[in-house]
> 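My structure is below; once you've seen it, I'll send some questions.
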Amino acid sequence: MTGPEPAGPRPAPAVTGSPPAGGATRAGAADAPRRGDFGFAARPGKAESRDPAGGESADPAAAAQAGPADAPRRGGFGFAGRPSEAGSGAPAGGGAADPAGGDLARRATADPLFRLVAYALEAAHGRPPAAVWSAPYAFHLGSPGLVAAAGWPTAAAAAPRTDGLVRLSSLGHPADSCDLPLSLSGPPPDAPAWAVRPYAVLRALARAGYGRGGTDLHVQGSLTGAAGLATAEPSACAVALAVADVHTAAGEQPDREHLARLLAGALPDGDEGLRRAVFFARPGRALLLSPEPRRRQRYVAFDPAASGARLVLVAVRGEAADRPGELARAVACARRAGALSAWQPGQQPGRSVLVLLPEARMAAVRAAVAEDFRDRDRPVPRFLNIAVAGAARRED
């Protein structure tokens, strides 16, 4: 599979073979993932953009005009009911909660995912969050060193403690909530598999002075691993930002560069490029990473919608051994139907590919891929529209 090919004005010459340029992204009628496939999301909507510090724009005029951009919003979770009402009293060892974070669960105008995460922490641990942060899923582009963020988030809700206990929960692992002692040295305590990485993040943060008294934490993504986008990086970033925010002076933002370094040390097997996209992405921009650690990243235009194109994630189903062949087949069908290019979203092959195609060929590409798989009695791949989104942010 080749890297994305230009379908419009090219960005700076230093980025060869990069996707098309443009302005703000608008998500169209997305093929929403069903619960049990990609995640819990169901409808597109509008999301606010942020422009975190730490980047140098390759297009200063465009960067100066960067503002709010449209990105998919999560909703329609498909739950038959909701958790029973949690008690309002704070448990022993619990610190004070921020009224803004605690109010989010009952704010009718808030995004459903963030309301759910705030309420789930209260239902699981008996008190509201002090902070809720969202962090976008991220992906690589075909050109080396280029990453971007997708308009689908992971969210983390956190509340500080004072008794040295860490309490972790997730709706993705409802039977595997856990209470763990927060130790700064020695072997980590036994924990459910999903909680190992969040605990490593909390431990690294505590060593740096964030949350040494312990934390109540709830984490939830809008997509599951079945989508084929990396889940570890947005989750780790959301946790780090939520916990650091609780222990950062009022009116100040957590230091993202510092947190990026902490995560690189705590999770050395993670994807550093994707983490930087989560922390520093801009809507309608790709992040061009420098191989020199001390050099600031640059931004290049990457907005398929502005040039009449679409970016779509195509995820195959079935056995892992069959995925490489099925992905290659899906890409071949998409190209014959008019797709411009395709590439894998991660550093290693997985269950999905990103496909760049003209908007006018959207229906034809989907139909061609679906027909080929149905004719062979294979599960039809899932399609998910991807908007190029901004960085992680606090949800107030």
Side-chain angles (χ1 to χ4, degrees), residues 1-22 25 52 54-60 62-63 136-150 228-234 236-237 256-257 260-261 263-264 267-304 306-307 309-314 324 327-328 331 334-335 339-357 386-391:
M1 290 176 277
T2 62
E5 302 166 358
R10 291 180 179 270
V15 186
T16 58
S18 61
T25 299
E56 174 187 350
S57 175
D59 183 354
Y137 292 83
F139 56 91
H140 288 269
L141 281 73
S143 299
L146 274 177
V147 291
L229 294 179
T231 59
E233 283 71 24
C237 293
R256 297 181 186 227
E257 284 287 358
R261 291 192 294 271
L263 292 182
L267 304 170
D269 59 335
D271 190 317
E272 179 63 17
L274 294 186
R275 280 197 292 257
R276 294 201 72 81
V278 174
F279 278 131
F280 301 108
R282 292 178 182 173
R285 298 286 184 269
L287 189 64
L288 177 59
L289 303 175
S290 171
E292 302 175 18
R294 294 180 180 275
R295 187 176 178 183
R296 299 169 71 190
Q297 62 263 5
R298 297 169 56 233
Y299 296 90
V300 296
F302 175 42
D303 191 350
S307 57
R310 283 289 188 89
L311 185 63
V312 178
L313 186 77
V314 180
L327 280 174
V331 169
R335 284 185 178 276
L340 303 173
S341 60
W343 66 96
Q344 63 195 32
Q347 291 181 326
Q348 302 296 327
R351 65 170 71 235
S352 65
V353 291
L354 286 163
V355 178
L356 186 67
L357 66 158
I386 300 294
V388 182

> What do the steps show when you test L263 against F279 for side chain to side chain contact (heavy atoms under 4.5 Å, CB included), and what is the final call?
CA-CA 11 Å; L263 292 182; F279 278 131; 3.8 Å; yes

> Work out which heavy atom in L357 is nearest to a heavy atom in A339; give both atom names and the distance.
CB-CA, 3.9 Å

> Please give me the minimum heavy-atom distance between R351 and L327, naming the atom from each residue.
O-CD2, 3.6 Å

> Could you grab the distance from atom CD1 of I386 to atom CZ of R310, nearest 0.5 Å is fine?
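With rounding to 0.5 Å, CD1 (I386) is 11.5 Å from CZ (R310).
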
> Taking side chain to side chain contact (heavy atoms under 4.5 Å, CB included) as the definition, give me every residue that meets it alongside A138, ordered by chain and number, with sequence neighbours left out.
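With neighbours one apart ignored, the set is L274, A277, V278.
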
> Any side-chain heavy atom of F139 sitting closer than 4.5 Å to one from L311?
yes

> Would you indicate whether the side-chain heavy atoms of L289 and E272 approach each other to under 4.5 Å?
no

> Any idea which heavy atoms bring G390 and P136 closest together, and the distance?
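Where G390 meets P136 most closely, the heavy atoms are O-CG, 3.4 Å.
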
> Just so I know, are the side chains of L287 and Y299 near enough to count as touching, which here means a heavy-atom distance under 4.5 Å?
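Side-chain contact under 4.5 Å: yes.
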
> Does the pair R276 and E257 meet the rule for a salt bridge (Lys or Arg N to Asp or Glu O under 4.0 Å), with working shown?
CA-CA 9 Å; R276 294 201 72 81; E257 284 287 358; 2.8 Å; yes

> Can you list the steps and then say if L146 with F302 is a side chain to side chain contact (heavy atoms under 4.5 Å, CB included)?
CA-CA 10 Å; L146 274 177; F302 175 42; over 6 Å; no

> Tell me the closest heavy-atom pair linking A148 and A286, and the distance in Å.
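Scanning both residues, the minimum pair turns out to be CB-CA, 4.3 Å.
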
> Considering non-hydrogen atoms only, spot the tightest contact between S352 and L229 and give its length.
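The pair with the smallest heavy-atom distance is OG-N, 4.5 Å.
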
> Check V388 against R285 and note the closest heavy-atom contact, atom names and distance.
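That would be CG1-O, 3.5 Å.
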
> Check whether E233 reaches the backbone of A236 with its side chain - one donor and one acceptor, N or O, closer than 3.5 Å.
no

